[in-house]
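Working notes, structure below.
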Number of protein chains: 2
Amino acid sequence: MRSNYDDSDSKNSETTAARPNRAPHVSPETAERILGAAVKEFAEHGFTKTTIRGIASAAEVSPGLVIHHFGSKEGLRTACDDHVFDAIATAKAANAEYASRAMQMMFDDPSMAMNINYLMKSLLDPSEHGQRYFEHYLNLVEDYIAHGFAGYEFRQSEDPRGQAATIATLALAPTMLEHRLQESLGTNGLAETMTRLAPHLLDLYLNGVLEAVPDGADTGPVSYAARPDRADTDSEPTDSLGGDQS
Amino acid sequence: MRSNYDDSDSKNSETTAARPNRAPHVSPETAERILGAAVKEFAEHGFTKTTIRGIASAAEVSPGLVIHHFGSKEGLRTACDDHVFDAIATAKAANAEYASRAMQMMFDDPSMAMNINYLMKSLLDPSEHGQRYFEHYLNLVEDYIAHGFAGYEFRQSEDPRGQAATIATLALAPTMLEHRLQESLGTNGLAETMTRLAPHLLDLYLNGVLEAVPDGADTGPVSYAARPDRADTDSEPTDSLGGDQS
DNA sequence: TCGCTGGTTGAACACGTGTTTAATATTAAA
DNA sequence: TTTAATATTAAACACGTGTTCAACCAGCGA
């Protein structure tokens, strides 16, 4: 009846008789296996689509045991939150070199890529789970803006929080759209996709991309074709979200 | 047995007897009301969490009627795809002015904001539904890069497709993270959030944000605090995803 | 008027879900 | 060895889901 990950009423053993505070038969391996399988499933299929039976099957365990260890699906997810946080924190502390190196390493390590994927799923889920991570990341970026990052300095702004939010949001974007980018660019895996985007990102961050056209020499108009019909995806550019020009 | 949105075996009436090709009692309003409710529900709660009963209730209709009109939940979603595509395309064609104006209008109009939200949900869903839209948007951005956009020109790259993918991805990011940004910045609605980010985005696109530190004058180190504990979200910046500096 | 066709509904079906429960196996302590 | 607590499981429960079905209602043509 009392799950291992039930954080409510922890450490109050007055109601029952005085029992030894140490478990006589601990087997943390199984719980860890379940946790690992859960992170993997959550990262792959998202939270609502992932089932406890699927996790149990992946961990070669009965569904009942899963909720025995973690209380509920929500409790399991919370445990996964902490696990992923810790995994990334320790992995980062392990190789505290230049940012690009550490980042590359994280994208190359499949287990780390999975953790990152988990965070993205959490970030995009309408639940409150991801907010904690977003705030954390935002604070980090704000600190980078203030004190520099990997040998670069940031141009300062009158609205540092807004600037940090902007940069943090853009920094997360490629990982969020990994699947879409992969299919569009033909890349394989997050590492390769990031390698493809990296020069453009660096160039953008260093020099920008836009420059105002000298004068009234207006650019050509954009055709207003109809929306692309299903099954002919590689048509010529037409209109879409984002506005137009005259 | 034959749904209105069943695109399989359409227009073959040889099997049954010759029946009049016109429905005797057409009431397309109801189907449209269902479609509208579906887009709204999908955009708000995502696809897996949205239920047919919820849509039916929002449209003040029975669940059976929903699938009578659209065949299945998947058919309904496909119908929503087309509906949102058309709505955005026509809305954009209606005010073919400068991009910023059109964009602002789309964010201000609640119905359009809902459509955009639907597209984001579709884009982030692991299903294939969003890919069509992403390719479409990518083509559009590639065209903008080639021919300019709203009085601006793009610096050209050796890898236009990669550059377009990068810019398209970044452009979509603020909308994807709208909820997170809203809670972090205290803004209200997509329009206000975008207004807050706009100057930083423009500045980034025009001038970049980074500049290399002159020489070996290295920037200060970043503390390696533990992960933030639950329930104290506004802590000082610590470490997180994204790498570090020495 | 009758009869047909499609819109519409309420109830039911089949199934997958998270969770509970009772029972068994296992292991550390007494 | 006995005992007690935990690990683990199989089965069942309660419920929400997408979907089906039989019936009824409304309008239109003959």
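A, B, ... follow the sequence lines: proteins, then strands. Residue 1 opens every chain.
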Nearest whole Å is fine: how far is D:dC25 P from B:L65 CG? 17 Å
Base, sugar-phosphate, or nothing for B:T50, non-hydrogen atoms under 4.0 angstrom? sugar-phosphate
Both A:K49 and A:G64 contact DNA chain C. Taking the nearest nucleotide for each, which residue is further toward the 5' end? A:K49
Between atom CD in B:E32 and atom P in C:dG7, what is the gap in whole Å? 14 Å
Among D:dA7, C:dG18, C:dT9, which nucleotide sits nearest the side chain of A:K73? C:dG18
Distance check: side-chain N/O of A:T30 vs OP1/OP2 of D:dA7, anything under 4.0 Å? no
Without decimals, in angstroms, what is the distance between A:I67 CD1 and D:dA7 P? 14 Å
Counting neighbours of NZ on B:K121 that are heavy atoms of other residues, nucleotides or ligands and sit closer than 6.0 Å, is the number greater than 12? yes
Answer yes or no: are there more than 12 heavy-atom neighbours, outside A:K73 itself, under 6.0 Å from its atom NZ? yes
Closest to the A:I52 side chain: D:dG18, C:dG18, C:dT20? C:dG18
Which nucleotide wins on minimum distance to the side chain of A:R53, given the candidates C:dG18, D:dG18, C:dT9? C:dG18
Could you tell me whether a side-chain N or O of A:S122 sits under 3.5 Å from a main-chain N or O of A:Y118, the two making a donor and an acceptor? no
Residue B:T51, side-chain heavy atoms: nucleotide from D:dT17, D:dT9, D:dT19 that is nearest: D:dT17
Any side-chain to backbone donor/acceptor pair from A:T50 onto A:E41? Under 3.5 Å, distance only. yes
Which nucleotide in C:dT8, D:dT8, C:dG18 has an atom nearest any side-chain atom of B:H68: C:dT8
Using whole Å, report how far CD of A:E29 lies from P of D:dT6. 18 Å
Mind calculating the distance between CG (B:L76) and P (D:dT19) to the nearest angstrom? 10 Å
